[in-house]
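All remarks here apply to the structure that follows.
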Amino acid sequence: MAQLYVYTRFERFWHWTQAMLVIGLGVTGFDLHGTIDLFSFEQASELHRYMLWALIVIWIMAIFWHFTTGEWRHYIPTSKNLWEVIDYCAVGIVMGDDHPFIKSPRRKLNPLQRLVYLVLKLMINPLILISGLLYLYYKDWPAWVSQDLTLTDVATAHVLGAYLMTAYLIGHVYMATTGHKLFSLLKAMITGYEEVPDRL
Amino acid sequence: MRSIHCRTIVILVAGGLALAGLWGLDAEATPVGDATADQGTNTASPADGTGPVVTSTADHSKFKVLQRRFRNGPDVTDTCLSCHTEAAKQVQASIHWTWEFPAGADGQMLGKRHVINSFCGQVATNEPRCTSCHAGYDWTDMAKHASEQATVDCLVCHDTTGRYKKFPTAAGHPAYEPKTFMGKTFQPPDLTRIAQQVGRTNRRSCGSCHFYGGSGDGVKHGDLDSSLIKPPRSLDVHMSPDGANLTCADCHNPRSHDLPGSRYVMTVSGSDNPDTPFPGYQPRASCRSCHGANPHTRNELRRADQKDRNQKDRPQKDRHGQSRGEDSMATATDDSASDAGAPETAPSLATTLAIRLGTTLGRKLDEHTNVIACQTCHIPSFARGGVPTAVWWDWSTAGRKKEDGELLIEKDPAGWVRYHTLLGDFRREADVTPSYAFFDGTIRYTLVGDKIDDREIVPINRIVGAYGDGHSRIWPFKVMRGRQPYDTENKTLLINHMFPKSKEDTGAFWEMFNWVLSLETAAEETGQDFSGNHDFIETSMHWPITHMVAPAEDALRCDACHTTGGRLEGLTEFFLPGRDSNEALDRFGLLLVGFMTVGVAVHSILRILQRSLRLRRKGKK
């Protein structure tokens with residue numbers, strides 16, 4: 001077994017801060033929506049707003065990091081071995097197969113992951129962010145926006161994004177249990193080191 | 001330990017400078033409003049704290065012309081006019097005198113002289129009783145203009161002693177000898193002393209009529225009753241001696257006895273109404289006159305707070321440069337310690353950043369002001385001062401007497417009248433939650449000749465306004481319900497002759513308790529068409545709420561409306577976050593999340609099974 005340093009300090013900081021903010025935004029968001037009732041509307045809206053700004057700061061830092069370190073290359077989609085990974089997730093893992101994907105610091109994400117994260121970063125996150133900002137700044141919409149867009153549209157888009165994020169979160173947390181051992185991947189995201197089987 | 005790099009030092013210093021720069025932004029002197037630019041309160045010198053104290057240039061007790069006995073009210077008025085030569089003319093041009101209000105472009109003629117409502121019905125044929133609240137003496141016939149019959153009453157508004165009372169059935173005169181009404185004896189007021197102590201109007205003098213409309217304390221408006229004479233700050237921050245201690249005239253800024261601020265047509269000030277700051281506002285004060293257009297972001301609130309303090313912290317000079325005397329009724333209060341937004345220190349860094357980013361709660365509240373009237377959030381309920389307001393008045397049950405023929409008066413456990421022979425069934429309510437509607441300031445009334453639909457509750461008035469028209473805002477209302485007589489054939493509301501003008505008046509309801517008779521008499525005298533057939537119909541009436549403004553800390557919270565089952569449940573023309581959502585989307589979301597959860601659970605179970613049963617795929621190791 002080799003100990004690979006796959007997640008840098010910033011990457012881990014980014015992951016966990018973002019995770020807390022996303023969960024916090026989700027909880028306060030659904031509180032505002034009326035699905036749960038933990039806070040008053042006032043508290044929930046203020047918390048939701050503060051966490052939004054924090055998340056934007058984190059995202060700016062993360063995007064900067066992705067470009068300056070070349071980490072963006074990990075997300076280039078490929079269809080090579082995509083089917084193998086899907087097969088493993090659906091059937092192989094239940095049948096005791098080994099994971100077909102060999103992780104290395106130069107190749108952290110398997111093809112399926114690349115696809116999912118790309119959709120997340122380029123579609124779901126922009127959806128929820130832009131609709132959220134439009135929602136927040138409703139009173140400042142210029143005429144050319146309010147001609148074609150209504151608050152109901154924006155609210156619907158935002159809530160849709162929230163449901164997609166929630167579905168993603170469930171999947172993501174579960175996926176974290178699919179490492180070599182149950183907590184291998186969790187340990188990796190805390191310490192930065194992942195145990196991978198020796199393979200050529 | 002590694003040595004500290006130059007790079008690290010540069011970053012720390014740069015960061016420190018940046019923080020210092022932001023901190024410097026805090027210290028920016030944001031204009032707070034001139035503490036000496038005072039409120040210019042119209043003030044009286046009431047002996048009992050129903051308004052602030054101000055020294056005048058004239059001591060009326062020194063005027064020879066007032067040092068005599070007066071025969072009656074009009075006699076006093078004559079004397080007043082010997083100096084205040086234009087006063088009567090001014091009063092006679094105002095609604096207090098004419099009881100008429102031409103309302104807007106479509107010209108409904110409103111005012112007490114013309115409207116019929118679900119309280120006492122109509123003034124016509126009941127004059128000596130109803131005109132006991134006229135700002136004059138001897139108006140006994142609504143068919144004639146007041147100026148043809150009556151004389152101006154100066155004392156009712158300008159009395160500062162609290163001793164001047166108009167007798168309930170004397171068409172505006174006070175008692176001139178001890179007289180009894182409904183078991184209460186009215187002593188004749190000392191007109192000489194009252195005349196010598198006249199001053200500016202105060203809450204008690206205005207309230208002597210406006211608090212008692214509809215036959216009793218607090219019956220009519222819901223937000224105007226005797227508890228506002230000396231209200232605690234929690235009841236009304238503007239009128240409380242512990243608050244701004246404003247009199248009615250401070251907001252209803254009179255010019256030549258013309259007082260703006262009628263209930264018939266209101267200013268629902270939106271962005272198209274640029275109020276000018278107190279005290280020179282035109283034509284009347286609205287919330288924005290003092291609180292500005294952005295009252296929830298720090299600066300504006302602090303400026304308004306400057307006025308909202310204990311007496312001894314108030315500016316020491318009034319608008320004429322007269323120094324203020326100590327108000328003996330001012331009470332030291334702890335309230336200023338809990339004033340929201342009161343601290344004098346600079347706002348914190350976090351607050352400054354938040355304001356700069358433009359999305360503080362205060363800014364969000366400011367964003368509501370063009371669709372929500374200030375009153376909506378800042379008057380969470382009305383009739384809060386201990387005087388419940390009437391919410392139901394069923395005239396149809398009037399006329400029942402006790403077995404011995406005496407008037408039957410039933411009271412509720414709190415002592416308020418619940419049934420009265422003369423009036424019918426009554427219901428009062430305290431701490432009433434308002435109902436809400438979009439309001440652009442105009443109200444259309446159902447007047448005496450108008451056709452009504454007797455299959456439904458008849459609206460005595462209709463609130464005009466709509467979402468999205470650019471000048472309507474959500475406003476709180478009292479809704480008065482009742483039952484009153486109407487003509488079943490002509491489908492019109494009927495005037496009722498209740499008050500017997502003399503012992504020989506056999507057509508009065510309060511003499512004979514015969515509806516057909518009194519309705520016929522009224523119809524004859526006023527020229528109204530009456531078919532002879534009457535019944536009672538339920539009516540409703542909307543009263544805009546604007547007084548009893550609660551302290552900021554008691555304002556409605558977001559949850560009052562941004563929730564399901566909240567105060568705005570009935571206003572569905574717009575999307576309200578927290579209340580409205582797309583049902584189909586919620587179902588989809590639930591399914592999606594449910595599907596993911598179930599999928600994850602199933603997948604986990606399969607993996608656990610694989611582990612424990614050591615399953616392997618055929619053909620693989």
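Order of the sequence lines sets the chain letters (A, B, ...), proteins ahead of strands, with each chain counted from 1.
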Heavy-atom contact with chain A under 4.5 Å, split by part of T563(B): neither

Chain A: which of S581(B), G599(B), G589(B), G578(B) shares the most heavy-atom pairs with it under 4.5 Å? G589(B)

Polar side-chain atom of S612(B) near backbone of L609(B) as donor-acceptor pair, under 3.5 Å: yes

Are F30(A) and Y163(A) an aromatic pair, judged by ring center distance below 6.0 Å? yes

Heavy-atom distances under 4.5 Å only: say whether E46(A) touches chain B with side chain, backbone, both or neither. side chain

Any idea how Y117(A) and Y75(A) line up, ring-wise: parallel (<30°), tilted (30 to 60°), or perpendicular (>60°)? perpendicular

Would you say the side-chain atoms of T28(A) and D31(A) include a donor-acceptor pair closer than 3.5 Å? no

Any donor and acceptor pair, going by atom type alone, linking the side chain of R579(B) with main-chain N or O of L568(B) inside 3.5 Å? yes

Which atoms of D37(A) are under 4.5 Å from chain B, going by heavy atoms: the side chain, the backbone, both sets, or neither? neither

Heavy atom to heavy atom, less than 4.5 Å: which residues from residues 164-179 of chain A reach chain B? L164(A), T166(A), A167(A), I170(A), G171(A), Y174(A), T177(A), T178(A)

Return the option, out of N582(B), V593(B), L585(B), with the maximum number of heavy-atom pairs under 4.5 Å with chain A. L585(B)

What do the steps show when you test M51(A) against M20(A) for side-chain contact (heavy atoms from CB on, under 4.5 Å), and what is the final call? CA-CA 9 Å; M51(A) 286 192 277; M20(A) 285 193 297; over 6 Å; no

Which region of R611(B), side chain (C-beta onward) or backbone (N, CA, C, O), has a non-hydrogen atom less than 4.5 Å from a non-hydrogen atom of chain A, or is it both or neither? side chain

Ring centers of W16(A), F13(A) separated by less than 6.0 Å: no

Chain A heavy atoms under 4.5 Å from H603(B): which part of the residue, side chain, backbone, both or neither? both

L136(A) backbone acceptor or donor facing K364(B) side chain under 3.5 Å: yes

Please rank D580(B), L592(B), L613(B) by heavy-atom pairs under 4.5 Å with chain A and give me the top one. L592(B)

So that I know where these two stand, are W59(A) and H66(A) an aromatic pair - ring centroids less than 6.0 Å apart? no

Got a donor-acceptor contact below 3.5 angstrom from the T17(A) side chain to the W14(A) backbone? no

Quick one: closest heavy-atom pair of M189(A) and R12(A), and the distance? O-CG, 3.0 Å

Residue part contacting chain A, namely of F588(B), when any heavy atom lies under 4.5 Å: side chain

When the 4.5 angstrom heavy-atom criterion is applied to L160(A) and chain B, the contacting part is both

For T156(A) and D153(A), which I'm curious about, is there any donor-acceptor pair between the side chains at under 3.5 Å? no

Is the number of heavy atoms from other residues, nucleotides or ligands within 6.0 Å of OH (Y193(A)) greater than 12? no

Do S472(B) side-chain atoms and Y467(B) backbone N/O form a donor-acceptor pair below 3.5 Å? no

I need the contact set between residues 554-562 of chain B and chain A: heavy-atom distance under 4.5 Å, sorted by residue number. R557(B), C558(B), D559(B), H562(B)

With a 4.5 angstrom heavy-atom cut-off, is it the side chain or the backbone of V371(B) that approaches chain A, or both, or neither? side chain

Heavy atoms from other residues, nucleotides or ligands near CD of E573(B) exceed 12 (cutoff 6.0 Å): yes

